[in-house]
Amino acid sequence: MNVIISTVTSLSQWARSYLDEISLSIIAVLLLMFGSQFSRYLRKRLSSLNSFLRSLLLIILCLVCSSLAIIVFPPYLHAAISSFNNQTLFPVLLIILCLLGVLADKNN
């Protein structure tokens, strides 16, 4: 049992140095998975506008929202993930990645 705990602890310490990249990649994956639904929702809401204006607004809104998500949300996710101790960080990251995989599989 001590071998498992020491392995999880060392993997957590290793992952802790990459939490910035991990949190950014989680947000990017969520944007990829749910970006089309967000775009579909915006198209539905903007359907009454002129074609040129609708396309322009859709491009601007998608660009601004996705850029803000990439810039604003990762520090909060990093702070939330880094609050776990070294015995729970790596298992939590594995659970998050497995949940992302299940969500990605469900979306396809």
(message) Nearest 0.5 angstrom please: S48 OG to L46 CG, how far?
(response) 7.5 Å
(request) State the NZ-OG distance between K44 and S39, to the nearest 0.5 angstrom. (result) 12.0 Å
(request) With C62 as reference, evaluate I59, V64, I60, L58 under the side chain to side chain contact (heavy atoms under 4.5 Å, CB included) test and give the passing residue. (result) L58
Whether [X] side chain and [Y] backbone form a donor-acceptor pair below 3.5 Å:
X	Y	answer
S25	E21	yes
N85	T88	yes
T9	I5	yes
R16	S82	yes

Closest contact, heavy atoms only, [X] versus [Y]:
X	Y	result
I27	P74	CG1-CG, 4.0 Å
L61	F38	O-CE2, 4.5 Å
M33	L103	CE-CB, 3.7 Å
S12	L89	O-CD2, 3.4 Å

Is [Y] reachable from [X] through a run of I, L, V, M, F, W or Y residues, each pair having side-chain heavy atoms under 4.5 Å apart?
X	Y	answer
Y41	L31	no
F90	V92	no
L97	V8	no
L11	I26	no
V102	L94	no

(request) Dump the intermediate steps for side-chain contact (heavy atoms from CB on, under 4.5 Å) on L19 and L77, then the final yes or no. (result) CA-CA 9 Å; L19 281 182; L77 185 61; over 6 Å; no
(request) With the side chain counted from C-beta on, respond yes when L93 and I81 share a heavy-atom pair under 4.5 Å apart, and no when they do not. (result) yes
(request) Apply side-chain contact (heavy atoms from CB on, under 4.5 Å) to the pair I22 and H78, showing each step before the final yes or no. (result) CA-CA 8 Å; I22 291 170; H78 177 273; over 6 Å; no
(request) Determine whether more than 12 heavy atoms belonging to other residues, nucleotides or ligands lie under 6.0 Å from atom CZ of F34. (result) yes
